[in-house]
Amino acid sequence: MANYTLTINGKQKTVEADPDTPMLWVLRDALDLKGTKYGCGIGQCGACTIHMNDNAVRSCQIPVSAIGESAITTIEGLSEKGDHPVQVAWKKHDVPQCGYCQAGQIMNAAALLKRNPNPSTDEIADATHGNICRCGTYNKIKAAVADAAAQ
Amino acid sequence: MTLIKTKVDRRSFLKTSALAGGGLMIGFAWGCSPAETVRPPASEWFDINAFLTIADNGEITIMSPNPEIGQNVKTSMPMIVAEELDASWEDVIVKQAPLDTKNYQRQVAGGSQSIRQGWQSLRMAGATARHLMVLTAAKEWGVDAASLKTENGYVVNGSEKRSYGELASKAAGIEVPAEVPLKDPKDFKIIGKSKKNVDLDEIVTGKPLFGIDYQKEGMVYAAVLRPQAFGTRLKTLDDTEARKVNGVIDVVRFTDHTSDADKARGEKVAVIATNTWAAIKGQRALKVTWEDSQHRESTPEHIAKLDAALKKADGKSERRNDGNINKAFAEADGVFEKSYEAPFLPHNTLEPMNFFADVTDEKVELMGPIQTPQWSLGTIAQLLGRDESEISIGMTRMGGGFGRRLYGDFVVEAAAISNKIRKPVKLQYTREDDMTAGIYRPSSKYRFKAAYKNGKVTGYHLTGAGIRMGGTTREHWFPAGGIENYRVDSHNIDSNITTGAWRAPVTNFLAVAEQSFFDELAEEMGIDAIQLRLDILEQAKSNPFGEPLDYEPEKMIGVIKLAADKGNWGKAPNGVSKGFSSYYSHNTYVAEVVDVVTENGQPRVSNITVAVDCGIVVNPDAAINQVQGGAVDGIGHAMYGDFGFENGTPQANNFDKFRLIRSKEAPSVDVHFVESLNSPTGLGEPSLPPAGGALANAIAAATGRRIYKIPFAKQDLAMG
Ligand code: FES
Ligand code: FES
């Protein structure tokens, strides 16, 4: 076990964890930030997507020891009032069905728009390809991303 | 104006009482349908499982017994209550009722049938509340109730009006009338207008709504090692390394057998830890050996058994037999026969199975994502030797179901573990656990044989066989009634692999096979694929053959024509190939046109046009979402669904080996509803079954090659 001081959603947090503990479980169990979800644990589904210095990463694939100084943002910290343009678009299009994948989808989309504010339809399809929605809300996801980009 | 009875004999479907703190409370039976019910209606408070309250301040709360699983029931069902109540939707708050075994019964988180089953009782609850408001106001004003109107939460008398909040407390003393008027569907204001998911804000901000998020003071975490192959059980266990993992508290062996069949699976091992990761690491560090307890089955053996079954037809397997198929085959111009094969499938809800349990001397407290708490309650009472009254089960939002959460095996495991360690515990499946522990969609095969003469199908014989599937056919649906000589046989093959309902049970593959067969049969007969279906349906509608039917041919004709029109059937532009399919399930009629284009020499689905007759569409945007999701799911599992066994061992355990459809492969889905004033029917499932058949038919149109086996992606799909 070791102590790690992390920057999460703009705040410093110290946690005690084994170095190999994936950030996913540090966030969920140690920091009680349960918005980031577990779906596969092997980097295949995107349910655990968070931002590391504004890039979308799979928190199940990043051990806590690899975070260092990087700024981590989770769904809880994406916006103060749930009004990030991507969240607003998600509400407008009423995207979720079961909702389980959606935090990961939103974090992924927010990072895409930061990198590429005007993605084409193909670029949106490419960029959302890594996040599985078992309920099949892909039509709405793509429409909401395009809408958020237009704002 | 329709009147609906609020009482049958001496029993009421609902009860009213004063709300503590002022206001009116109406309790009613959410899932039972007074007008059509065959079961006895709600008896006293026993069957009451939902509440509608109107507080003095006008706030209207609807306590729904259905947790959300992704089918929008938590939003669309309260919309029905609010509609008949003539409330303003903005004043309505929807809450989830906990499972209270004394006061809430029949709490099953619905499948596609929820809306259909709840429709009448939800309308009645709203209409009764509205009527009580009117009666109360009439008394106050000393006027005839019939002269009063309601709107947006007010009773209106000319220029005077009273809010429901002002009337609520006084309404509690008024007796529930024997009959209340229902609105004419033409006057609906809330139903038919899209309303946002009531949990939307919480979902997009990552609030802890799901079972995996639930926690309690002092809770520990458990990961379980189960037999890795069906037909084996635990022989030896070495937990030395697991116990060395930081955070691991204990390793315990436990059993959760409630049947003899379970016993062959022996003991399970739970690693108890202070956090999820430690539990998972501990589980992976266990050193175990297994021994055979039963025959270990493999896919080739399953297929051989299915093939052998398809050759048999006897009195035991017969499900329906109209006319004389042998005569039809003997006298035909041509006889056409094909077989179709589908593998097992895991459900793969994105939220893996999990459950919270806290077993103490006084009580058993359970919380998590389960659709059928009643089953778990009874099973756990039996397993732990506890009285049912000591057990409570709360339900959380569920990260998908698709049938998996109808089975409470993981609830029982959680209870068994907590019972052993006497601590509050969260059982968490890894994805690998989730994909390999069962329950699966059964593997099945179908053989179709048709006779045709003078451009008409004169004989039809369907034989179905499934591995631990129970019934494999829907013998009173299409094309029953439309073909004079018609027979259906079904075979079930026993197995020790745990199987169960999977989104659109049976029809999820039966439809693919049937609709592929009709397409190829039409080609063989030289008739347009849609025309062949219409000819059969016209016959079934005007002059049906044989036993009674369980579907309405006319509605099927309606969606077929709508899909053909909207999907530009017969008008494929260059580079696009079209495939058609239609299917009836969960009381809903669906027809689909799939468009396929070529990408890197392989087919890609570019669009699906879906026509749906599901009666009244309660919440249109959410309904479109459901239909799109079902169609995408149907395409995904037809293309990629691949799951088999080798010596009892599942051949895939995570998303690197089991492929699910993703964003780029998901087509746009264009949804069209038939306008209808009929009661609403299922929506979560019916768009799935036709999708795979329409895709197979589009690929055949593009390549000239037919597909007889799922997954399609493993067949030769090279586009010429
Ligand atoms: S849980 Fe991290 S990608 Fe699936
Ligand atoms: S909404 Fe259920 S997994 Fe995406």
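Side-chain atoms are counted along with the backbone in the values below, which use heavy atoms only and exclude waters and symmetry mates. Numbers restart at 1 for each chain; the letters A, B, ... are given by sequence-line order, proteins then strands. Here the structure is a predicted model, which is why all the values come from computation and not from measurement.
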**Q.** Interface residue of largest heavy-atom contact number with chain A, from B:Ile212, B:Leu209, B:Val669, B:Asp201, under 4.5 Å
**A.** B:Ile212
Q. After noting the C-alpha distance and the side-chain angles of A:Tyr4 and A:Ser65, does the key distance pass the side chain to side chain contact (heavy atoms under 4.5 Å, CB included) rule?
A. CA-CA 7 Å; A:Tyr4 297 93; A:Ser65 54; 3.7 Å; yes
Q. Does anything in residues 108-126 of chain A get under 4.5 Å of chain B by heavy atoms, and if so which residues?
A. A:Ala125, A:Asp126
Q) About how many Å separate CZ of B:Arg659 and NE2 of B:His637, when rounded to the nearest 0.5 Å? A) 12.0 Å
Q) Rounded to the nearest 0.5 Å, what separation is found between the OG1 atom of A:Thr128 and the CD atom of A:Gln105? A) 7.5 Å
Q: Name the region of B:Thr430, side chain, backbone, both or neither, that has any atom closer than 4.5 Å to a heavy atom of chain A.
A: both
Q: Give the member of B:Asp213, B:Ile203, B:Leu200, B:Asn72 that has the highest number of heavy-atom pairs under 4.5 Å with chain A.
A: B:Asp213
Q. Rounded to the nearest 0.5 Å, how far apart are NZ of B:Lys426 and CG of B:Asn275?
A. 12.5 Å
Q) Top residue by heavy-atom pair count (under 4.5 Å) with chain A, among B:Asp633, B:Asp199, B:Val632, B:Val204? A) B:Val204
**Q.** Aromatic plane relationship, B:Phe410 with B:Phe355 - under 30° parallel, 30 to 60° tilted, over 60° perpendicular
**A.** tilted
Q: Give the intermediate values and the outcome of side-chain hydrogen bond (donor to acceptor under 3.5 Å, both in side chains) for residues A:Thr74 and A:Asn9.
A: CA-CA 7 Å; A:Thr74 70; A:Asn9 298 330; 2.9 Å; yes
Q.
Taking side chain as everything from C-beta outward and backbone as N, CA, C, O, which of these in B:Gln215 sits under 4.5 Å from a heavy atom of chain A? Side chain, backbone, both or neither.
A. side chain
Q) When heavy-atom pairs shorter than 4.5 Å are enumerated against chain A, which of B:Ile280, B:Asp656, B:Val245, B:Asp621 gives the highest number? A) B:Asp656
(Q) Tell me whether the count of non-hydrogen atoms from other residues, nucleotides or ligands lying under 6.0 Å of NZ in B:Lys196 goes above 12. (A) yes
Q | Pair A:His84 + A:Trp90: ring centers closer than 6.0 Å | A | no
Q) In terms of heavy-atom pairs under 4.5 Å with chain B, which of A:Thr21, A:Asn139, A:Leu78 leads? A) A:Asn139
**Q.** Nearest-0.5 Å distance that lies between atom CG in A:Asp147 and atom NE2 in A:His93
**A.** 3.5 Å
Q: Starting at CD of B:Gln283, measure out to CD of B:Gln428 and round the result to the nearest 0.5 Å.
A: 11.0 Å
Q: Mind ranking A:Val86, A:Ile42, A:Leu24, A:Thr36 by heavy-atom pairs under 4.5 Å with chain B and telling me who comes out on top?
A: A:Ile42
Q. With a 4.5 Å heavy-atom cut-off, do B:Pro667 and B:Ser606 have their side chains touching?
A. no
Q. Heavy-atom distance under 4.5 Å to chain A: side chain of B:Phe210, backbone, both or neither?
A. side chain
Q. Would you call B:Glu241 and B:Lys281 a salt bridge, using N to O less than 4.0 angstrom?
A. no
Q: For each of A:Met1, A:Lys37, A:Gln44, A:His129, tally heavy-atom pairs with chain B at distances under 4.5 Å, and name the one with the top tally.
A: A:His129
Q) If you count heavy-atom pairs under 4.5 Å between each of B:Thr274, B:Ile624, B:Asn348 and chain A, which one has the most? A) B:Asn348
Q.
Could you measure the distance from the OH atom of B:Tyr429 to the CD atom of B:Glu351? Nearest 0.5 Å is fine.
A. 12.5 Å
(Q) For A:Tyr138, does the six-membered ring have the charged nitrogen or CZ of B:Arg662 within the cation-pi criterion, i.e. under 6.0 angstrom from the centroid and within 45° of the normal? (A) no
Q) What do the steps show when you test B:Arg604 against B:Glu599 for salt bridge (charged side-chain N to carboxylate O under 4.0 Å, His left out), and what is the final call? A) CA-CA 6 Å; B:Arg604 184 176 74 80; B:Glu599 205 171 83; 2.7 Å; yes
Q: Under 4.5 Å, counting heavy-atom pairs only, tell me which of B:Ser668, B:Gly636, B:Gly206, B:Ser663 racks up the most with chain A.
A: B:Ser663
Q: For chain B, find its close neighbours in residues 25-34 of chain A: heavy-atom separation under 4.5 Å, sorted by number, or none.
A: A:Trp25, A:Arg28, A:Asp29, A:Asp32, A:Lys34
**Q.** Segment of A:Glu76 engaging chain B (4.5 angstrom heavy-atom cut-off)
**A.** both
Q) Any luck finding a side-chain donor-acceptor pair between B:Asn508 and B:Arg441 under 3.5 Å? A) yes
Q.
Set out, in order, the CA-CA distance, both residues' side-chain angles and the distance that settles side-chain hydrogen bond (donor to acceptor under 3.5 Å, both in side chains) for B:Glu432 and B:Asn654, then state yes or no.
A. CA-CA 6 Å; B:Glu432 290 81 0; B:Asn654 207 326; 2.8 Å; yes
Q) Which region of B:Lys74, side chain (C-beta onward) or backbone (N, CA, C, O), has a non-hydrogen atom less than 4.5 Å from a non-hydrogen atom of chain A, or is it both or neither? A) neither
**Q.** Contacting moiety of B:Leu350, where chain A heavy atoms sit under 4.5 Å
**A.** both
Q. In terms of heavy-atom proximity below 4.5 Å to chain B, should A:Asp94 be classed as side chain, backbone, both, or neither?
A. both
Q | Derivation and outcome, side chain to side chain contact (heavy atoms under 4.5 Å, CB included), residues B:His672 and B:Val610 | A | CA-CA 6 Å; B:His672 303 272; B:Val610 188; over 6 Å; no
Q) So which of A:Gly82, A:Cys135, A:Ala103 has the biggest tally of heavy-atom pairs under 4.5 Å with chain B? A) A:Cys135
Q. Can you tell which of A:Ala143, A:Gly39, A:Gly43 has the highest number of heavy-atom pairs within less than 4.5 Å of chain B?
A. A:Gly39
